[in-house]
2 protein chains.
Amino acid sequence: MSTLISGEVDVMLDGFERAIKTDPDFEACPVRGVLDRIGDKWSTLMVLTLALRPHRFGELKRAIPDISQRMLTQTLRDLQRDGYVARKVFPTTPPAVEYSLTDLGRSLMLPLSGLVEWAVRTRGAIEAARAAFDRENV
Amino acid sequence: MSTLISGEVDVMLDGFERAIKTDPDFEACPVRGVLDRIGDKWSTLMVLTLALRPHRFGELKRAIPDISQRMLTQTLRDLQRDGYVARKVFPTTPPAVEYSLTDLGRSLMLPLSGLVEWAVRTRGAIEAARAAFDRENV
DNA sequence: GACACCGGTTCCCTCCAAGTAACTAACTGA
DNA sequence: TCAGTTAGTTACTTGGAGGGAACCGGTGTC
């Protein structure tokens, strides 16, 4: 079974098994840290948007119209704090602020694109599974 | 800049740019669907645990001691509903229930391992960025 | 004088994820 | 008779994510 899937996965699972034996502290888990960041409602959308090109505050607001100004500011701050996003202020009038991905943020794009590709590919299967489950469970 | 990173990422970004132009419906976004599922507190941990080998309900509880019984049941149901996890009941007494990954769940392991590997690799950089940010912002 | 623009901040409210604890059925063995 | 096992369910509660709307300073425009 394990031999059916890539060796990369086996390496990760070995590391996971070792980690939970030596230090079963799920709070300090780096994966959980990353998922807490990109697992919220807006972060991934914002990272992808900034991956296209740097955006100003207002540009982001227009690119993601559903987001509230409050959440836009807060998500940008959180992404900046963890080093995914750089904030550059131009002291013009009116003020201009440009947000862009850092090298760290850009390095996330590779694993993230894997996940995006998987999500698009399996979309149908997940919808089918959900429909089947709901049918069987009244 | 785009030429510095993998072509796979460029393909994904092209798809993303096209998607937000033709159908800017973020609620229906398949990526958000996946992140809503694996972005919660316990799902990823449970998927990884089940990737090691199938587990019974009580085994999972012992493998992830911090989880409450309520959240264990609920997360398993959600994972089962979306087709990641299979539930098999053995009508013995006392009852035995075995949870295992489906093919769909196993197929998630490849993109997930990419993310896990990235999280482990960049852990230090993120902590450093966070410390620097907190230092500069009182 | 009134308004708009940019990039926010602040207050208040709502809803949901998650935790705690108690309860269940069916059976086993002492 | 009574405790223990497995695999849950149910009721209650709380913290935090997220939304809405008002407000801010500084500037330019009509």
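All values below were derived from every heavy atom in this structure, side-chain atoms included, with hydrogens, water molecules and symmetry-related copies excluded. All chains are named by letter (A, B, ...) in the order of the sequence lines, taking the proteins before the strands, and each is independently numbered beginning at 1.
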Whole-Å distance separating the [atom1] atom of [X] from the [atom2] atom of [N]:
X     : N      : atom1 : atom2 : answer
A:R87 : C:dC6  : CZ    : C1'   : 12 Å
B:E98 : D:dT6  : CD    : P     : 15 Å
A:K61 : D:dA21 : NZ    : C1'   : 12 Å
A:L60 : C:dG7  : CG    : C1'   : 12 Å
A:Q80 : C:dG7  : CD    : P     : 15 Å
A:M46 : D:dG18 : CE    : C1'   : 12 Å
B:R62 : D:dT6  : CZ    : C1'   : 10 Å
A:R37 : D:dG16 : CZ    : C1'   : 14 Å

Heavy-atom side-chain contact between [X] and [Y] under 4.5 Å:
X      : Y      : answer
A:L48  : B:E17  : no
A:V116 : A:T44  : no
A:W118 : A:R121 : yes
A:M12  : B:E117 : no
A:P95  : A:V89  : no
B:L72  : B:I64  : no

When you check every protein heavy atom under 4.0 Å of nucleotides 9-23 of chain C, what one-letter string (B, S, -) results, 5' to 3'?
BBB------BBB---
Could you please name the option among C:dC27, D:dT6, C:dC6 that lies closest to any side-chain atom of B:P94?
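Out of C:dC27, D:dT6, C:dC6, the nucleotide with an atom closest to B:P94's side chain is D:dT6.
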What nucleic acid atoms does A:Y99 come within less than 4.0 Å of, heavy atoms only: base, sugar-phosphate, or nothing?
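Answer is sugar-phosphate: A:Y99 comes under 4.0 Å of backbone atoms only.
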